[in-house]
Amino acid sequence: MITSKKVDPTTGGIQMSLPGKDTTSLPDLETYEKKFKALADQKRLHLLHLLCNDGPMCVCDIAEYIHLPQSKLSYHLKILYDAGLLDREQRGTWNYYRIRNEAMNHLLSDELCCLFREKG
C-alpha cells in the first residue's frame, strides 16, 4: 500500500513512499516508461523489425518499405531515438538509423523482467 505520492520538482516524476520499504533504490521508471511507450505502436514495431532485419537504413530507404509520408516516418523514428532505442548517424544530408542492441537487449533481459516479478 502506497502511503504517499508527490511530484518530484526536478524530473516531474512521481515519488512514492511505501511503509517499511526503502524506495531509494527504485530504478529510473520514467526511462522505462518512455521506452515502453515508444514500443507501444505498431508502426514503430514495424520500423524496429525492418532495422533489425536489414541493418542501418536512411529515412529515404525506410520510406520505400513503410508507406508513410517522410514527415510521419521521421516523427516515429524520433520517438524511438529519444527513447534510446535507436542510434542516428548523419551522412551528408541523410540520417541513418540503427537499433541500439544494448538498449533492446536490456529491455528483454532478466534484469528488467525481475523488477516486475513477485519475489518468492
Side-chain angles (χ1 to χ4, degrees):
M1 175 166 128
I2 298 173
T3 57
S4 68
K5 291 193 300 188
K6 61 182 179 178
V7 175
D8 181 341
T10 58
T11 65
I14 295 175
Q15 296 176 327
M16 294 181 273
S17 297
L18 302 171
K21 300 283 184 179
D22 176 21
T23 57
T24 57
S25 63
L26 280 176
D28 183 7
L29 297 178
E30 289 176 32
T31 300
Y32 292 125
E33 178 184 24
K34 193 172 194 175
K35 290 178 188 307
F36 287 119
K37 279 185 177 181
L39 292 171
D41 181 273
Q42 187 175 2
K43 290 177 184 79
R44 291 192 284 271
L45 291 173
H46 190 185
L47 282 168
L48 289 171
H49 181 72
L50 180 65
L51 292 171
C52 182
N53 288 330
D54 293 359
M57 297 177 77
C58 72
V59 176
C60 62
D61 291 334
I62 296 170
E64 292 180 24
Y65 293 97
I66 297 180
H67 304 291
L68 287 174
Q70 188 170 340
S71 61
K72 289 202 184 267
L73 180 57
S74 293
Y75 166 79
H76 287 292
L77 287 166
K78 182 177 180 348
I79 289 173
L80 291 166
Y81 176 78
D82 289 347
L85 301 174
L86 295 181
D87 280 329
R88 179 175 59 202
E89 178 186 351
Q90 189 164 2
R91 298 182 200 166
T93 58
W94 296 106
N95 284 320
Y96 283 76
Y97 292 88
R98 78 171 146 274
I99 289 180
R100 290 190 65 224
N101 288 322
E102 64 278 1
M104 295 303 287
N105 289 339
H106 180 71
L107 285 177
L108 302 171
S109 71
D110 287 339
E111 177 186 342
L112 179 60
C113 292
C114 288
L115 287 176
F116 303 109
R117 285 192 188 131
E118 190 174 321
K119 306 275 189 248

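What's counted below: heavy atoms across the whole structure, side chains too, no hydrogens, waters or symmetry copies. Just so you know, residue 1 is the first one in the sequence shown, and it goes up from there.
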Legend entry - Rounded distance (nearest 0.5 Å) linking atom CG of L80 with atom NZ of K35: 10.5 Å

Inset, instruction - Please step through side-chain contact (heavy atoms from CB on, under 4.5 Å) for the pair D54 and I62, ending with a clear verdict. - result: CA-CA 10 Å; D54 293 359; I62 296 170; over 6 Å; no

Inset, instruction - Any chance you could measure L48, atom CG, to L77, atom CG, to the nearest 0.5 Å? - result: 9.0 Å

Legend entry - Closest approach of S74 to V59 (non-hydrogen atoms, all atoms of both residues): OG-CG1, 4.1 Å

Legend entry - Ion pair check, E33 and K37, cut-off under 4.0 Å: yes

Legend entry - Inter-residue atom distance K43.NZ - I66.CD1, 0.5 Å rounding: 10.0 Å

Legend entry - Spacing of W94 atom CH2 and D61 atom CG [to the nearest 0.5 Å]: 8.5 Å

Inset, instruction - Any chance you could measure H106, atom NE2, to R100, atom CZ, to the nearest 0.5 Å? - result: 11.0 Å

Inset, instruction - Look up atom CG in L85 and atom CE in M104, then write down how far apart they are to the nearest 0.5 Å. - result: 5.5 Å

Legend entry - Pair Y32-L107, side-chain contact (heavy atoms from CB on, under 4.5 Å): steps then yes or no: CA-CA 8 Å; Y32 292 125; L107 285 177; 4.3 Å; yes

Inset, instruction - Answer yes or no: are there more than 12 heavy-atom neighbours, outside Q90 itself, under 6.0 Å from its atom CD? - result: yes

Inset, instruction - Assign the ring pair Y97 / Y81 to parallel, tilted or perpendicular, where the plane angle (0 to 90°) is split at 30° and 60°. - result: perpendicular

Legend entry - Shortest non-hydrogen contact from A38 toward I79: CB-CG2, 3.8 Å

Inset, instruction - Ignoring hydrogens and angles, tell me if any N or O in the side chain of R88 forms a donor-acceptor pair with the backbone of N95 under 3.5 Å. - result: no

